[in-house]
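This report concerns only the one structure given below.
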Amino acid sequence: MASAAVLGFAVCTATVAGHGAMPEPAAPTQPPPAQASPGRAAALPARHEHGNLVFDNIPAPDPALAMRLGRYLESRQATLLDWLADGSLLISTRFGDTDQVHRVAAPLGVREQLTFYAEPVSLARAAESGGGFVFLKDQGGNENSQLYYRAPDGAVRELTHGESIHGSPVWAHDARRIAFYGNERDGASLDVYVTDVTSGAAPRLVVGGKQDAWYPLDWSADDARLLVLRYVSISEGYLYLVDAASGALTALDGSGRKVGILAAKFAPGGRGIYVLSDEDGEFAALRLVDPVAHQVRRVTPELNWDVESFDASPDGRYLAYVVNQDGRSHLLIEDTQTHGQVSPAGLPEGVITRLAFDRAGHRLGLSVESPEAPRDVYSYDLERGRLERWTRSEPGPLEGRALVAPELVRFPTWDRVAGHARILSAYVYRPRQSVHCPVVIDIHGGPEAQFRPGWDPFTQFLVNELGIAVVAPNVRGSSGYGKSFLALDNGELREDAVRDIGSLLVWIAAQPALDREHVSVMGASYGGYMALASLVTYGERLRGGIDAVGISNFVTFLTHTAAYRRERRRAEYGDERDPHMRAFLERISPLSNASRIKKPLLVVGGQNDPRVAASESEQLVWRVRAAGGEVWYLTAKDEGHGFRKKTNRDAYLETAAAFLQRLSH
């Protein structure tokens, strides 16, 4: 996963007010005149606009620094989207300002661009036959993605309309119908719809009701039933079979047990269902469920790591799955007839995403990236036992030997488990001349996410060009370390994760190669909250921090986050409608403690953010400034929860580089 700093698409997962609690108004974008200190002019810091970017109290860029950084930001990546029926691949990559859909006909073949938009297109799914595909595109980062169909002749038709969110398109085997989710009905629910791409008729509601979040996962072999997930939280989900004609629901597991479900799909042959969940254990494992005989068979072995993704070949001969081992991916392919396993050699050691077998079931496609190589698309030919590379993405004008691989380290925390200090992990990127070097602590978002060693050119720039060590911890509440660990920061345990940063600071201070006097902190989304909370709690040990699209007040965050996300975020953070929890959330929020942020702060926000509203950044900026603190504030009018357009992202990273360079001296 890219660093939180890159802000490609940050990770805060899903989330009106009621029970007598009045919604709080959005904060003003600047302090009112009454906030000015006595005897001081009430003039606001310098502010200027450049295109869709607004720079507030940010110094003019350093051309020399921007040029050095630019070498790193010229890299591009390629991501597998789907196999087309003719055996070619759909991939997502960027040749201009945004990611678009391309077709690649053969390994290392020419990349043929198929979509051309100012907004990025990073998800597409192909029909089993005919050559058509659907894709999603939003406007300005607002995440209200509409569903489009691109026919084999190149004609594009919009299948949904309006300001609603849509996602998870799943093709029926007839290559005509698509199931997807949308929130047209009430804005707060995610319902399942089906539409025929050839008819021009409006989508038909199949599953809905209350304010639940429903996701379509797969169609049965005869297209008569849909497999759907009712998602409550990362730790709770329920599978159902749905009659595609009537919408009648049948619970797959009648026990109603609370289980975290990562994925599920029909097994080839139509009777069984593969389910990836943490049922009966700390870690996610793959099981084969027979809903008729009410039998369950574990498919993957007992592991102390999560199985994070899987796919089965259409004929059922092969099963592929990826194990997340301390953040690094390990791919295994099993022959279900011989029970032999293979782990393809030659893949970069890093992070694997988007497994997909081709229509014939002979090749497995995947995307893989590492700290030293951008994400690229590969396939493994099961008949020949051969790994093939489909794309060769450019790392920019960088020499491979100049790129740094991180070291996995362990550090003790402030609490104990079974009489011993709890041990956490972190990835450390060290400059090659690491002698008493400054440090940036980079905290991932989520919070149910994980820092993973993927391609991150900005981190490579900090390490190689500015001589800054980057330490990326996985504090309690991170995924990948078991469901008990995942729950250690829920509700009123929130500050325990912040205390983990205190323990990391102790570890940093004990490292001779790291400069304890020059430590900064940064994060995006929930990581932005963690950066702010660290500045509040450990400000005397930090030089400053970066908060990108972060939560400044949990109550206003829950009030203003998109309605379809609110309940899922309450499951993680707590219900602000409860007076006791509301008081707790107010107490721990950085906004309530803004006067304690005494070190320089860079705040970054997107005006169209549906997850963490722009007001979260705005209210923090004026509150810190009103208390005399220094804040650089950058916002984009055409972005949401992360900067996805290259020109905007480059401007942000140039600003972040200048800010961190200043703090490192």
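Every value quoted in this text rests on a predicted model; they were computed, and no experiment measured them.
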field: Shortest non-hydrogen contact from L364 toward A320
entry: CD2-CB, 3.6 Å
task: Could you walk me through whether D191 and S189 pass the side-chain hydrogen bond (donor to acceptor under 3.5 Å, both in side chains) test, one step at a time?
output: CA-CA 6 Å; D191 302 325; S189 309; 4.6 Å; no
Approximate separation, where rounding is to 0.5 Å, of E639 CD and N52 CG: 8.5 Å
- request: Report the relative orientation of the aromatic rings in F554 and Y573; use parallel for angles under 30°, tilted for 30 to 60°, perpendicular for over 60°.
  value: tilted
message: Check this for me: does any side-chain nitrogen of one of R577 and E567 sit under 4.0 Å from a carboxylate oxygen of the other?
response: yes
- request: Mind checking ring-ring contact (aromatic ring centres under 6.0 Å, His included) for W219 and listing every partner two or more places apart, or none if nothing turns up?
  value: none
field: Nearest atoms (heavy-atom pairs only) where V299 meets E334
entry: O-OE1, 4.5 Å
- line: Nearest heavy-atom approach of D311 to F357 is OD2-N, 2.9 Å
- line: Tightest non-hydrogen contact, residues L80 and V377, listed as N-CG2, 3.4 Å
query: If every non-hydrogen atom of W455 is compared with every non-hydrogen atom of S75, which pair is closest and at what distance?
result: NE1-OG, 3.2 Å
field: Any side-chain donor near an acceptor of the partner, T98 and Q100, under 3.5 Å
entry: yes
- prompt: Is there a side-chain hydrogen bond (donor to acceptor under 3.5 Å, both in side chains) between Q607 and T635 once you walk through the steps?
  reply: CA-CA 7 Å; Q607 286 298 314; T635 187; 3.0 Å; yes
message: Using side-chain contact (heavy atoms from CB on, under 4.5 Å), reason through Y181 and L190 one step at a time and then give a plain yes or no.
response: CA-CA 6 Å; Y181 72 73; L190 297 182; 3.9 Å; yes
query: What's the verdict on side-chain hydrogen bond (donor to acceptor under 3.5 Å, both in side chains) for Q139 and N608, showing C-alpha distance, side-chain angles and the deciding distance?
result: CA-CA 9 Å; Q139 187 67 36; N608 302 322; over 6 Å; no
- prompt: Would you call R363 and D358 a salt bridge, taking side-chain N to carboxylate O under 4.0 Å as the test?
  reply: yes
Exercise answer: donor-acceptor pairs, residues 125-137 side-chain atoms, under 3.5 Å, sequence neighbours excluded:
| residue | atom | partner | partner atom | Å |
| --- | --- | --- | --- | --- |
| R125 | NH1 | L81 | O | 3.2 |
| E128 | OE2 | H173 | ND1 | 2.7 |

- prompt: So, E308 and S329: side-chain donor and acceptor under 3.5 Å apart, yes or no?
  reply: yes
- request: Count the heavy atoms of every other residue, nucleotide or ligand shown that sit under 6.0 Å from CD of Q113, and state whether that count exceeds 12.
  value: yes
message: Under 3.5 Å, is there a donor on one side chain and an acceptor on the other for T647 and D650?
response: no
query: Ring centres of W171 and W83 under 6.0 Å apart?
result: no
- prompt: With sequence neighbours excluded, what pairs up with F180 under the ring-ring contact (aromatic ring centres under 6.0 Å, His included) test?
  reply: H166, Y193
side-chain contact (heavy atoms from CB on, under 4.5 Å) between K645 and E119, worked out: CA-CA 8 Å; K645 299 180 175 70; E119 302 295 340; 2.8 Å; yes
query: If you look at every heavy atom in L252 and V275, which pair is closest and at what distance?
result: CD2-CG2, 4.4 Å
